[in-house]
2 protein chains.
Amino acid sequence: MHYKELIKTIKERREVLQVTQEGLAELAGVGLRTLKQFESGKGNPTLLTLHKISDVLGMEVCLRIKNVTHTK
Amino acid sequence: MHYKELIKTIKERREVLQVTQEGLAELAGVGLRTLKQFESGKGNPTLLTLHKISDVLGMEVCLRIKNVTHTK
DNA sequence: CTTTATAGTGCATTATAAAGCATTATTTCA
DNA sequence: TGAAATAATGCTTTATAATGCACTATAAAG
């Protein structure tokens, strides 16, 4: 999952759950500015920040073996 | 995946691939100190750092819906 | 044991994430 | 339309991640 995809996932999930950035930031216990920074593709959140945000959205950070099959 | 699990995953993967911290740090383009910090459970890496490390190990960071089934 | 390779830690510096506040841009909807 | 809600951005401060270097600890091999 590339950075952009992570962002997209979070953003979509937040929207599906009908939560505003403000709401999510509050629930997750991260600064609103930090969340905005992240969702707008700027910045480079720490694992902890990403975890807190994901957690509230019912998601979790994980590591997966990369699929390296280059099926054209 | 909790923080400890992420660490364990990375560490195990590195060992399976027979790479030293020094080798991995170099390949991933992160400071040796940073990798050590991470693997020894201290610190809170940025997404970029985690990505660089995972990448070299053939893994990727992803977000997954949490399994919230509390089957006792 | 002693040597050698690898991993962990203390200390210091630099870069940057986290955060708040004020402001502007954009979207939404009555 | 235009008002209200939501999102984005500039500026600034504070906390801390990233880093290097030197040193210690541990493990593996002779």
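Below, read A as the first sequence line, B as the second, and so on, with proteins coming before strands; counting in each chain starts at 1. Atom set for the values below is all heavy atoms of this structure, side chains included, hydrogens, waters and symmetry mates excluded. Source: prediction; values computed, not measured.
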Classify the nucleic acid contact of Thr34(B) as base, sugar-phosphate or nothing, counting any heavy atom under 4.0 Å across all strands shown. base

Do any N or O atoms from the side chain of Glu5(B) and from the backbone of His2(B) form a donor-acceptor pair under 3.5 angstrom? yes

Spacing between Gln37(A) atom CD and dT9(D) atom P, to the nearest angstrom: 9 Å

Between the side chains of Lys11(A) and Glu15(A), is the shortest nitrogen-to-carboxylate-oxygen separation below 4.0 Å, so that they form an ion pair? no

Does one side chain, of Gln37(A) or Lys42(A), offer a donor that lies under 3.5 Å from an acceptor on the other? no

Atom-pair distance (CG on Leu24(A); C1' on dT6(D)), nearest Å: 14 Å

Is there a side-chain contact between Lys42(B) and the phosphate of dT9(C), meaning an N or O under 4.0 Å from OP1 or OP2? yes

May I ask you to verify if any side-chain N or O of Thr49(A) is less than 4.0 angstrom from the OP1 or OP2 atom of dA17(C)? no

State whether Ser40(B) places a side-chain N or O below 4.0 Å from either non-bridging phosphate oxygen (OP1 or OP2) of dT9(C). yes

Rounded to whole angstrom units, what separation is found between the NZ atom of Lys52(B) and the C1' atom of dT19(D)? 11 Å

Indicate whether OP1 or OP2 belonging to dA7(D) is found under 4.0 Å from a side-chain N or O atom of Arg14(A). yes

Using heavy atoms to find the nearest nucleotide of DNA chain D for Arg33(B) and Gly43(B) separately, return the residue whose nucleotide is more 5′. Gly43(B)

Glu22(A) atom CD is separated from dA8(D) atom P, nearest whole Å, by 13 Å

At less than 4.0 Å, is any side-chain N or O atom of Thr46(B) found next to OP1 or OP2 of dA18(D)? Yes or no. yes

Does Gln21(A) make a side-chain N or O approach to OP1 or OP2 of dA8(D) shorter than 4.0 Å? yes

Arg64(A)/Glu60(B) ion pair, N-O < 4.0 Å: yes

Residue matched to dG30(D) through Watson-Crick or wobble contacts both under 3.5 angstrom: dC1(C)

Over all strands shown, is Lys11(B) touching base, sugar-phosphate only, or nothing at heavy-atom distances under 4.0 angstrom? sugar-phosphate

What is the distance, to the nearest angstrom, from the CG atom on Leu32(A) to the P atom on dT9(D)? 13 Å

5'-most contact on DNA chain D: Gly29(B) or Glu15(A), nearest heavy atom basis? Glu15(A)

